[in-house]
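Remarks on the structure that follows.
Below, all heavy atoms of this structure are taken into account, side chains as well, without hydrogens, waters or symmetry copies. Atoms within a ligand are numbered from 1 in the order they appear, just like the ligands themselves.
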Amino acid sequence: MDHTYQLAIIGAGPAGIATAIESYVLGMRDIILLEKDENHNATIRKFYKDNKRVDKDWKGQKVELDGTIYFMDGTKESTLDFFDQLLDHESLELRTHTEVQKIVKRENDFEVFIAGGSLLAKNVVVTIGRMGKPNKPDYKIPPSIKNQVHFTLDGCGSGEKIMVIGGGDSAIEYAVDLCDRNEVSICYRRGTFRRANPTNQADIERALANGSVRALLNTEITEIESESGKVKVLFSDGTSELFDRLVYAIGGTTPSGFLSGSGIREEEGKPVHDENYQTNISGLFVAGDITQESGGSIALGLNHGFAIANYIMNLSK
Ligand SMILES: Cc1cc2nc3c(=O)[nH]c(=O)nc-3n(C[C@H](O)[C@H](O)[C@H](O)COP(=O)(O)OP(=O)(O)OC[C@H]3O[C@@H](n4cnc5c(N)ncnc54)[C@H](O)[C@@H]3O)c2cc1C
């Protein structure tokens with residue numbers, strides 16, 4: 001508790017790592033990155049399928065990179081390697097297995113509360129993303145089929161009848177990945193996959209055309225039940241169908257409890273911040289996916305980190 005870090009960053013995803021690296025490059029020392037998982041980039045590790053193509057211009061959003069981190073299209077594995085190298089190169093202090101509970105503003109610094117203690121920092125950047133709490137359906141998931149209902153591809157094998165729910169890039173990538181070894185349907189409440197990026201649109205069109213994925217478009221699910229060890233899906237048109245497994249890919253939610261517990265104001269589902277990503281509390285910033293209602297990207301997170309690093313370093317001159 002005696003030591004006061006110059007900068008504490010909560011969450012070691014792309015935005016958190018970028019904030020740390022860019023601050024370091026600008027000359028700041030004494031930076032700590034706090035990550036609740038066993039390693040950095042838990043969202044990429046858990047939600048990206050193996051060998052997933054990683055697009056710099058995710059969801060078709062063209063982003064010019066402002067900072068010093070040269071991020072390019074790649075795969076899940078090359079992206080994780082890239083972040084490993086960045087962290088190793090600058091010898092940044094990454095403390096894993098450290099979940100931050102809340103941040104409290106004191107007179108001249110912040111107290112950052114973690115299990116069993118706290119640490120002090122002059123500035124704090126919150127980059128905890130939105131995938132800590134993936135969106136869940138508003139109908140109940142009966143406990144008896146919980147193990148057959150997923151939010152990532154973990155637990156999906158082969159030779160099964162699987163339905164993916166969602167129509168964005170993640171849902172399409174999941175469906176296309178699963179379809180070479182499973183019987184796959186994709187259920188989407190809209191009529192087209194036009195929200196996805198061009199590559200994913202082409203991939204799903206191809207899979208639909210050759211019959212390896214079946215699309216249930218303009219289709220809403222009203223309920224799911226357990227029947228004979230399977231998941232029975234009831235649709236709004238009154239029909240139903242049995243599946244071995246469901247995979248929901250319907251985005252994530254703003255961690256409102258964390259934000260309000262730290263005094264960060266929220267409006268319209270997003271934390272309030274100014275053009276430097278500073279919240280209503282001076283010295284407390286937000287970056288990355290939590291600043292977006294939906295649809296952040298790695299490149300956007302990198303730019304947020306660069307902007308915050310510049311702002312803090314300019315203030316200290
Ligand atoms: C399936 C899928 C595919 C995607 N594909 C692409 C793509 O191809 N290209 C692209 O640019 N973007 C893609 N995205 C989006 C991209 O992953 C996000 O925009 C990006 O990861 C956001 O970075 P972030 O740093 O804001 O948050 P995150 O990456 O979510 O990182 C947040 C980190 O904070 C940690 N954390 C959370 N709470 C706490 C806490 N209380 N204390 C400490 N640590 C905490 C988490 O464990 C996590 O490591 C995809 C997203 C998904 C779900």
Identify the closest protein heavy atom to [atom]: which residue and atom is it, and at what distance?
{"atom": "atom 26 (O) of ligand 1", "result": "D289 N, 2.8 Å"}
{"atom": "atom 15 (C) of ligand 1", "result": "W58 NE1, 3.6 Å"}
{"atom": "atom 9 (N) of ligand 1", "result": "D55 O, 2.8 Å"}
{"atom": "atom 52 (C) of ligand 1", "result": "Y48 CE1, 3.7 Å"}
{"atom": "atom 47 (O) of ligand 1", "result": "E35 OE2, 2.6 Å"}
{"atom": "atom 11 (O) of ligand 1", "result": "I298 N, 3.0 Å"}
{"atom": "atom 45 (C) of ligand 1", "result": "K36 CG, 3.7 Å"}
{"atom": "atom 34 (O) of ligand 1", "result": "G11 CA, 3.2 Å"}

Quick one: which ligand 1 atoms are inside 4.0 Å of a heavy atom on [X]?
{"X": "G129", "value": "27 (O), 30 (O), 32 (C)"}
{"X": "S297", "value": "11 (O), 12 (N), 19 (O)"}
{"X": "L34", "value": "43 (C), 44 (N)"}
{"X": "G288", "value": "26 (O)"}
{"X": "T127", "value": "32 (C), 33 (C), 34 (O)"}
{"X": "E99", "value": "41 (N), 42 (N)"}
{"X": "T43", "value": "28 (P), 29 (O), 30 (O), 31 (O)"}
{"X": "G296", "value": "19 (O)"}

Using a 4.0 Å heavy-atom cut-off, say whether [X] meets ligand 1 through its side chain, its backbone, both or neither.
{"X": "D169", "result": "neither"}
{"X": "L300", "result": "neither"}
{"X": "I128", "result": "both"}

Item to complete: For residues Y277 and F285, establish whether the separation of their ring centroids is below 6.0 Å.
Response: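 Not close enough - the centres of the two rings lie 6.0 Å or further apart.
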Worksheet entry | Positive for salt bridge (Lys or Arg N to Asp or Glu O under 4.0 Å) with D244, one of K232, K230, K161 |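 In the set K232, K230, K161, the residue that makes a salt bridge (Lys or Arg N to Asp or Glu O under 4.0 Å) with D244 is K230.
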Worksheet item: What orientation do F71 and F82 show, parallel under 30°, tilted 30 to 60°, or perpendicular over 60°?
Response: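 Aromatic pair F71/F82 classed tilted.
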Report yes if the side chains of [X] and [Y] come closer than 4.5 Å at any heavy-atom pair, otherwise no.
{"X": "N41", "Y": "P14", "value": "yes"}
{"X": "E35", "Y": "R95", "value": "no"}
{"X": "F258", "Y": "Q101", "value": "no"}
{"X": "I298", "Y": "F83", "value": "yes"}
{"X": "I9", "Y": "I31", "value": "yes"}

Salt bridge or not for [X] and [Y], using N-O below 4.0 Å?
{"X": "K122", "Y": "D109", "result": "no"}
{"X": "E241", "Y": "R214", "result": "yes"}
{"X": "K52", "Y": "E173", "result": "yes"}
{"X": "E220", "Y": "R189", "result": "no"}

Quick check: does [X] get an N/O under 3.5 Å from an N/O on ligand 1?
{"X": "I10", "answer": "no"}
{"X": "S170", "answer": "no"}
{"X": "D37", "answer": "no"}
{"X": "H40", "answer": "no"}
{"X": "R130", "answer": "no"}
{"X": "A42", "answer": "yes"}
{"X": "Y174", "answer": "no"}
{"X": "V100", "answer": "yes"}
{"X": "A15", "answer": "yes"}

Practice prompt. Give the C-alpha distance, both sets of side-chain angles, the deciding distance and a yes or no for ring-ring contact (aromatic ring centres under 6.0 Å, His included) between H304 and F306.
Written response: CA-CA 5 Å; H304 295 174; F306 179 69; over 10 Å; no
Discussion item. Counting only heavy atoms not in R29 (residues, nucleotides, ligands), do more than 12 fall under 6.0 Å from its CZ?
Written reply: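 Yes - once you tally the heavy atoms of other residues, nucleotides and ligands closer than 6.0 Å, there are more than 12.
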Fill in: Side-chain donor-acceptor contact under 3.5 Å, H97 with D37
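Looking only at side-chain atoms, D37 and H97 do not form any donor-acceptor pair under 3.5 Å.
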Item to complete: For the residue pair T253 and R130, confirm or rule out a side-chain donor-acceptor distance under 3.5 Å.
Response: no
Item to complete: Could you tell me whether ligand 1 has any atom less than 4.0 Å away from a heavy atom of P14?
Response: yes
Worksheet item: Strictly under 4.0 Å, does any heavy atom of K52 approach an atom of ligand 1?
Response: yes
Discussion item. Nearest 0.5 angstrom please: D55 CG to D73 CG, how far?
Written reply: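 One finds 5.5 Å between CG of D55 and CG of D73.
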